[in-house]
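Here the structure is laid out as structure tokens; the discussion comes afterwards.
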Amino acid sequence: MTHGSTDPNRMHQFDPALTELIFDYMRTRLSMPEVPLDFPGNSTEILSALDGLISAEGNSALDVLNMYDEVLSRSVLSGDSPRFLAFIPTAPTKAALLFDMIVSCASLQGISWLEAAGAVAAENQVLRWMADAAGMPAGAGGTFVSGGSAANLAALTVARDMGRQRLFAGSRKPVRIAMSKQAHSSIGNSLSILDVEPLIIDTASYRLTGEDARRALAQVGPDDIPVVGIVATSGTTNGGIVDDLAGVAEVAAEYNLWFHVDAAYGGAGLLAPSVRHIFDGVQHADSITMDPHKWWFAPFDVAAIIYRNPALAKAVHTQDASYLDVLHTTGDEWNPTDYAYHLTRRARGLPLWFSVVVNGTDAYRDAVEASLTLTRQVAELIRNSDKLELVIEPTLSVIVWRRIGWTAADYTEMQNRLIESQTAFVTPTSWDGETVGRFAFVHPATTLSMVQEVLDAL
Ligand SMILES: *Cc1c(COP(=O)(O)O)cnc(C)c1O
């Protein structure tokens, strides 16, 4: 770092010492057999470490990196720790993590075929592999966006506009989209952004079935706001439940509805022979959301949105600006920007692409099956326990359990105690209004003995 220099290019010069410093840090982190879970932040400590850091002259990179290492990074719960069992964890492969750094240092602009044909073609190759896993037709395609929330918003925008096109020649009249209460919060948020009313389908169990959907749609009269789409989930974030995709697909076809499948968490189950049959019907989706940063072992932040007929999405999402005309010269270029609400984008599908190409698809199948096997083993331990019980039978790799006799405060105390001892990060959830325990497994390095340590502490 060239302190005292006035050269305007001084920040852009290769700095061997800075490079070594960063590479060393990354090498240390990447070589850890198990990354530390670390802790929730203490805001006084964090704010005092950050205080006054931004200055006209800058700081020593070594000092800043040391502070990051000692204070900031310790105040971040590592989602890729095999002991992180809350929410939906993450478990990026080494190859994916390393290639993410190449994506960063090459400033890959993934907006268009014109600017990044090589990157876009590779992203599309791995998107194709995901579409094939779902049994989507050859013409299917889409793009990678920041997360499942953005993917759901992109898809539901197309669902709304296609419905208005069909019913009202495109005029902005009210339409509705059907969903169950178990749908992810981002579905409700997307509908509210889109000013689309949800039709909440009552379900006989926690799993949305074709019958539930048919019953709800039969009640929509000719004077009611028309329903133009339906969302099914595979699997639900809270319970890992996979809706009756085949049944819902049938009803969607009958009523001419856009069929969106939110497989943000569960989509990787398509790779696992032991549960693949549960997803039957997914091949009929008009659009599917799948998050590689959840159970496909890619680093944050990446979600796939795949459309059965990408031309429909392109008609809705293409941005029209004079300076962008050059992106659309022949009309058949594949521009990722045309398939969601975004222009500039990181070629964020490339870490997944590199890892899949290098590791091979068998390694992906085995890593997904590992969490499913662990789920079955832990479920068995819970069934055999006197103090614990399963709240629902697990479908994928989420377990919802109850510690008999516990109140909400006991679960909160458990969360704090387990993080204090660095045993695991486990958070309670609510199920039918009751506070209960929950595990989500996606890391193939999470072992039965790690989970046993948690169970022993309950
Ligand atoms: C996680 C999740 C989302 C949201 O995905 P983000 O990547 O967190 O935006 C949406 N739907 C389901 C079913 C999920 O599990």
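Whatever order the structure lists ligands and atoms in, that order sets their numbers, starting from 1.
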For the 3.5 Å polar cut-off, considering only N or O atoms, please tell me whether His293 and ligand 1 meet it. yes
Taking 4.0 angstrom as the limit and counting only heavy atoms of Gly147, give me the atoms of ligand 1 inside it, by number and element. 7 (O), 9 (O)
Trp129 vs Trp296 aromatic rings, parallel, tilted or perpendicular, using cut-offs 30° and 60°? perpendicular
Within a 6.0 Å radius of atom OH on Tyr341, are there more than 12 heavy atoms belonging to other residues, nucleotides or ligands? no
Taking only heavy atoms of Ser149, which atoms of ligand 1 are found under 4.0 Å from at least one of them? 4 (C), 5 (O), 6 (P), 9 (O)
Around Asp320, counting heavy atoms of other residues, nucleotides and ligands shown, do more than 12 lie under 6.0 Å from its CG? no
Could you check whether the rings of Tyr411 and Trp401 sit parallel, tilted or perpendicular, using 30° and 60° as the cut-offs? tilted
Any N or O of Ile88 closer than 3.5 Å to N or O of ligand 1: no
Given Asp280, which of His284, His277, Gln283 fulfils the side chain to side chain contact (heavy atoms under 4.5 Å, CB included) condition? Gln283
Which residue is it: Thr157, Ile177, Ile225? I am looking for the one with a side chain to side chain contact (heavy atoms under 4.5 Å, CB included) to Val196. Ile177
I need the contact type for Ser186 against ligand 1. Using non-hydrogen atoms and a strict under-4.0 Å cut-off, is it side chain, backbone, both or neither? side chain
If the plane angle is over 60° it's perpendicular, under 30° parallel, otherwise tilted; pick one for Tyr265 and Trp295. parallel
Nearest non-hydrogen protein atom, atom 6 (P) of ligand 1: Gly148 N, 3.2 Å
Just to confirm my output: which protein heavy-atom neighbour is closest to atom 4 (C) of ligand 1, and how far is it? His184 CE1, 3.4 Å
Ser146 to ligand 1: N or O pair under 3.5 Å? no
Would you mind running through ligand 1 and noting each atom that sits below 4.0 Å from a heavy atom of Tyr265? 15 (O)
Side-chain ion pair, Glu389 and Arg383, N-O less than 4.0 Å: no
Report yes or no: does a heavy atom of Asp291 sit under 4.0 Å from some atom of ligand 1? yes
Exceeds 12 heavy-atom contacts within 6.0 angstrom, atom NZ of Lys181: no
Give the numbers and elements of all ligand 1 atoms closer than 4.0 Å to a heavy atom of Thr237. 12 (C), 13 (C), 14 (C), 15 (O)
List every atom of ligand 1 that sits less than 4.0 Å from any heavy atom of Ala264, numbering the atoms from 1 in the order shown and giving each element. 2 (C), 3 (C), 10 (C), 11 (N), 12 (C), 14 (C)
Starting from atom 14 (C) of ligand 1, locate the nearest protein heavy atom and write down its residue, its atom name and how far away it is, to 0.1 Å. Lys294 NZ, 2.9 Å
Please verify the inter-ring angle class for Phe297 with Tyr364; under 30° counts as parallel, over 60° as perpendicular, anything in between as tilted. tilted
Side chain, backbone, both or neither: which part of Asn152 has a heavy atom under 4.0 Å from ligand 1? side chain
Heavy atom of the protein closest to atom 11 (N) of ligand 1 (residue, atom name, distance): Asp262 OD2, 2.6 Å
